[in-house]
Structure formats: C-alpha cells, structure tokens
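Heads up: the structure comes next, in structure tokens.
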There are 2 protein chains.
Amino acid sequence: MTSAARTTNIAERIYQQLKLDIFDFQLLPGDRFSESEIARRMSASRTPVREALYRLERDGYVQVHFRSGWQVRPFDFQYFEDLYDVRILLEAEAVRRLCEDKDREGRLAGLMTIWCCRPEQRSHDSSEVAFLDEEFHFGLLECGQNQEMAAIHRSVCERLRIIRRLDFTQKGRIEATYKEHSEILDDICHGRRDKVVNHLKKHIEISKNTVREITLHRIQEARKRYAEDKNMDMPPKVT
Amino acid sequence: MTSAARTTNIAERIYQQLKLDIFDFQLLPGDRFSESEIARRMSASRTPVREALYRLERDGYVQVHFRSGWQVRPFDFQYFEDLYDVRILLEAEAVRRLCEDKDREGRLAGLMTIWCCRPEQRSHDSSEVAFLDEEFHFGLLECGQNQEMAAIHRSVCERLRIIRRLDFTQKGRIEATYKEHSEILDDICHGRRDKVVNHLKKHIEISKNTVREITLHRIQEARKRYAEDKNMDMPPKVT
DNA sequence: GAATTCAACCTTGTATACAAGTTAGTAAGC
DNA sequence: GCTTACTAACTTGTATACAAGGTTGAATTC
C-alpha cells in the first residue's frame with residue numbers, strides 16, 4: 001500500500017480520530033463503547049472500525065471484551081510510570097550516542113533552529129510549544145540513527161501524551177522549556193555526556209512525578225477543557 | 001475479551017500460525033501472498049485472516065500493498081542491527097536494576113533452577129535449549145518489575161527470532177550457553193554490576209555479529225531444514 | 001425484599017458480496 | 001521487435017448478513 005492510499009482510507013481516518021478522542025479526553029480511560037456506536041459516529045460500516053480498533057488495541061490504547069464491547073485502557077499508575085522509565089532509558093541512550101557522534105551538530109541543526117532562537121522569535125502559544133516540546137524529544141531519537149529505537153520511543157511517548165495533557169501547569173513553563181532544551185542541546189554539542197544525561201533525566205522526571213497526582217476530577221476537567229478548545233477552533237458560522 | 005476466548009478464536013489461530021510460518025521460513029522475507037490464499041490454506045474466511053494480518057503488520061512482520069496483496073517484511077540488515085541495539089540496551093538496564101534489587105535472589109530463583117543445575121540435569125536437545133535460552137533473556141526483563149520494558153523487549157526478541165534460527169552454529173553451543181547463563185546469574189546475585197553488563201553485552205553481540213553473514217542461500221537452507229523438522233515431528237500414521 | 005431464572009437484546013466474531021484500484025497478458029500500431 | 005493501449009483477472013477495502021456468546025431486565029420463587 002502506498003502511504004497516500006492508507007492516509008485516505010476510512011480505517012485510517014477512524015484510527016486517527018479515535019486516537020485524538022483519547023488524547024482530547026472525549027474518550028476517557030475506562031470508557032466502554034461498541035463498534036456500532038463508533039461506526040454510526042464516523043459514518044462508516046463496522047469493517048473499517050474494526051481495523052482501526054485492532055490497531056489501537058495493538059498500540060495499547062483500547063481493549064476488547066469478548067462479545068461485550070470495547071474499552072479505553074483503564075488508567076493505571078504503574079503502567080505510566082513504567083513507560084516513563086522506558087522513555088528515560090531510551091532518551092538517555094540517544095544523547096549518549098549523540099555526544100559521541102562527530103556529526104552531531106549537523107544532526108541537531110533542525111532542533112537548534114527551533115530551540116536556540118532569540119527570545120523574540122519564540123512561540124508564546126502553549127499548544128504549539130507543547131507540540132514542539134514533544135517533537136524535540138522525538139528529534140533526539142531520530143538524530144540518533146537507530147530507527148527502531150526511535151519508533152519504540154515514539155510509541156511510548158504517544159501513550160504518555162495523556163499524562164502530559166493532564167498537566168495544566170505546563171502552560172506556565174514556556175520560557176523554562178526553551179531554556180532547558182537549549183541547554184540540553186548545548187551540552188550535547190560540547191560532548192558533556194554525563195551532565196546532559198542527568199539533566200535530561202531530571203527534565204523528564206518532572207513529568208513522571210505528576211502521574212501520582214492525577215485524580216478523576218482532573219481527568220473530567222480535561223474533558224471539558226479540551227472540548228472547549230475544540231469549539232473555539234471551529235470556524236465562525238456564515239449566515 | 002477473556003484470554004480463553006481469544007486463544008480459541010480463528011483469528012488468533014491464524015495469527016499464531018502465520019508467525020510460526022515466518023519463524024520456520026515457510027514464509028520468507030519478501031514473499032508475497034494474498035488474503036484469499038491464506039484463507040484457503042487456513043480453512044477460514046478472509047475476515048479473521050485480515051484481523052491476523054493487521055496484527056502482524058503492527059508487530060512489524062508483514063506489509064500490505066494497496067489492492068495488490070501482502071508481503072513478509074523484506075530482509076533488512078540495518079533493521080535487525082537496530083533491534084539488537086535496543087535489545088542490548090534493555091537487557092543491560094534490567095541487569096543493572098537486578099544488581100541493585102535486595103530481592104534479586106528470590107526473583108531469579110526460577111532462572112537459576114534451569115541454568116545453574118548439575119551437568120547431568122541439563123537438556124541436550126538443541127531446540128529445547130534454544131527455547132530456554134530465549135526464555136532466559138525474557139526472564140531477566142520480567143524479573144525487573146517494569147512490565148512495559150519487558151513487553152517491548154519481548155517484541156524485539158521475537159522479531160529477532162529468525163536471526164537466531166538462521167544461526168546453525170548455535171547447536172554446538174549448549175554447554176557454553178549453560179555456562180554463560182549461570183555466570184551471568186551468579187554475577188547478578190553478587191551485585192557485580194559492571195562485569196555482568198559487559199558480559200551480557202558480549203553474549204548478545206555474538207548473535208548481532210551474525211546478521212551481516214546472512215545470505216539468501218542460508219535462508220533457503222533454513223526453509224528446507226525447518227520443513228524437515230516439521231515432518232519429523234508428525235505423529236506416526238495409524239493404519 | 002432478595003435471589004434465581006429466563007428470554008430478549010446487544011455485542012463481537014465470522015462469512016459473504018460488492019466496490020475500487022492494480023497487475024499482467026494480449027492485441028494493435030510503429 | 002518494441003511500445004502502447006486495453007481488458008480481464010486479481011487483490012484489498014468496505015458493506016452487509018448471520019452466528020455465537022454476554023448482559024440486562026423482567027418475572028417468578030422463596
């Protein structure tokens with residue numbers, strides 16, 4: 001299959017939409033739903049819905065109950081903490097390898113353009129910075145020349161996305177994020193291996209430490225908040 | 001779904017059989033096939049075949065060509081080397097953690113029963129030792145208390161299985177395997193962290209170094225060899 | 001009122017039919 | 001002989017129907 005064909009087919013559309021629904025808390029951890037319900041909502045038959053759901057199942061986002069519907073993976077503290085540990089391990093290895101790579105400055109050029117810019121060039125939109133933040137971490141792995149490690153890391157980080165999106169204090173950390181990222185990049189370029197590994201670990205452990213603070217209330221607040229954000233993105237009605 | 005229900009359904013049967021076909025080289029890297037062909041071969045409709053194939057696709061074993069059939073993932077040296085590096089990273093981390101775990105002897109008790117037995121209790125069946133060898137490595141991760149790391153490691157090792165099964169020199173290494181594994185376990189119990197990490201890396205790199213030696217001829221030899229093994233496993237006909 | 005039973009409804013698991021795109025073979029033209 | 005165009009066959013992508021098991025609500029019994 002050419003990637004163009006898959007990106008336009010119904011199953012792929014449903015897959016992406018369901019994932020987005022999970023990330024935007026329109027489907028909450030533990031929610032139950034049926035294939036038919038999704039099919040009605042997505043204006044399709046059950047067949048591509050099932051394809052999308054098998055993929056989401058394999059990715060760790062949903063579970064099927066035999067002849068009884070599907071369920072978003074219930075919230076599990078240990079699971080997310082385990083994922084954070086994997087993420088830390090992979091990113092630490094990536095920066096170790098980058099510190100020893102003669103071509104590291106070339107590899108990191110794209111990231112440095114974004115994160116080592118002058119203050120007046122920085123984005124002030126917290127959604128955009130959140131996106132760039134995530135891309136920063138993907139970028140460290142992608143510069144590291146092990147595509148499988150990068151793919152596993154991406155899968156881990158996507159599964160952790162709901163944790164990041166539940167942490168509303170991130171909005172106030174734009175400047176700190178730019179500062180930390182540019183310092184990490186600087187340390188890599190200067191080959192300060194142990195320093196940058198420790199720095200990165202501390203940077204990620206800030207997020208990891210928020211896992212245990214998550215409450216049901218915060219998850220329900222997030223549902224409202226992201227639903228409102230969605231409405232605000234809608235184009236004005238033309239009457 | 002209860003795991004009992006899934007283990008008896010048609011899609012699961014087909015998934016496992018196709019995986020086995022890949023591991024036994026009955027489906028070679030690069031082979032093309034269609035859903036209908038598999039459906040005929042497995043005496044089922046296309047529907048559960050599709051489910052099985054989506055899962056195998058997601059696991060990295062096959063690829064779909066838009067309206068043109070499916071293909072076993074072609075052989076790719078870099079891919080397997082990347083996987084080996086991920087595997088080494090994960091196992092090294094697991095033994096580091098075990099060396100610092102006060103309960104490590106209890107956790108490793110099962111592995112020690114198998115690998116630190118007296119020479120007359122050892123298995124001489126190379127297939128069984130290959131299986132136990134793989135389980136040894138899974139066991140290191142499963143003793144490590146990070147279930148996601150163990151799951152990722154298992155997925156990586158399964159994808160590497162065909163490399164291990166192409167290495168026919170493994171058959172002559174039964175004694176060395178028992179010795180190396182018991183030494184690794186001993187080093188862990190004594191908390192010799194750096195020694196065991198280096199030992200484990202060397203142990204795995206022996207396999208990694210066989211990737212670049214793989215030839216098409218060897219793959220085709222493997223097809224014959226594993227097909228013969230299959231025939232020898234068949235029960236005698238009752239006439 | 002609580003517990004049990006049963007049937008209807010709902011769901012997934014599977015089979016089958018139809019739609020849409022690709023590929024290979026054949027015929028025609030140069 | 002080579003190239004191009006066309007068509008039939010094949011394939012996946014999707015829709016729909018049927019089968020098999022689970023759940024829920026109502027009726028009955030204690």
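Scope of the values below: all heavy atoms of this structure, side chains included, with no hydrogens, waters or symmetry mates. Order of the sequence lines sets the chain letters (A, B, ...), proteins ahead of strands, with each chain counted from 1.
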Less than 4.0 angstrom from a charged side-chain N to a carboxylate O is my criterion; do B:Glu93 and B:Arg96 meet it? yes
Salt bridge (Lys or Arg N to Asp or Glu O under 4.0 Å) partners of residues 74-86 of chain B, not counting sequence neighbours, each pair once: A:Arg97-B:Asp85, B:Glu81-B:Arg212, B:Asp85-B:Lys208
Walk me through whether B:Val62 and B:Phe33 qualify under side chain to side chain contact (heavy atoms under 4.5 Å, CB included). CA-CA 10 Å; B:Val62 298; B:Phe33 60 90; 4.2 Å; yes
Sequence neighbours left out, what passes salt bridge (Lys or Arg N to Asp or Glu O under 4.0 Å) with B:Asp101? Give chain and number order. B:Arg107
I'd like to check the salt bridge (Lys or Arg N to Asp or Glu O under 4.0 Å) partners of A:Glu148; sequence neighbours left out, ordered by chain and number. B:Arg159
Value in whole Å for how far the [atom2] atom of [N] lies from [atom1] of [X]:
X	N	atom1	atom2	result
A:His65	D:dT24	NE2	P	12 Å
B:Arg13	C:dG13	CZ	P	16 Å
A:Ile10	D:dG13	CD1	C1'	8 Å
A:Asn9	C:dA20	CG	C1'	12 Å
A:Gln71	D:dT23	CD	P	12 Å
B:Met42	C:dA15	CE	C1'	18 Å
B:Phe33	D:dC10	CZ	C1'	16 Å
A:Glu12	D:dT12	CD	P	18 Å

I'd like to know if B:Arg67 reaches the base of D:dT11 with its side chain such that a donor and an acceptor end up less than 3.5 angstrom apart. no
Test of understanding: with side-chain hydrogen bond (donor to acceptor under 3.5 Å, both in side chains), list the residues that count as partners of A:Gln16, not counting sequence neighbours. A:Glu12
Ring-plane angle category for B:Trp115 and B:His181, please: parallel below 30°, perpendicular beyond 60°, tilted otherwise. perpendicular
Measure up the B:Tyr54 and A:Tyr54 rings against each other and bin them: parallel (under 30°), tilted (30 to 60°), perpendicular (over 60°). tilted
How far does the helix from C:dG1-D:dC30 to C:dC30-D:dG1 bend, going by the axes of its first and last five pairs, to the nearest 10°? 0°
Audit row: A:Arg165, A:Asp24, side chain to side chain contact (heavy atoms under 4.5 Å, CB included) steps and yes/no: CA-CA 8 Å; A:Arg165 296 186 117 215; A:Asp24 285 349; 2.5 Å; yes
Does B:Ser45 have a side-chain nitrogen or oxygen under 4.0 Å from the phosphate oxygens OP1 or OP2 of C:dT14? no
Candidates D:dT23, C:dG13, D:dT14 - which lies nearest the side chain of A:Ser68: D:dT23
Let's see if you can work this out: which of D:dG13, D:dT11, C:dA15 has an atom nearest to the side-chain heavy atoms of B:Val64? D:dG13
Going by number, which of residues 46-57 of chain A have a non-hydrogen atom under 4.0 Å from DNA chain C? A:Arg46, A:Arg50
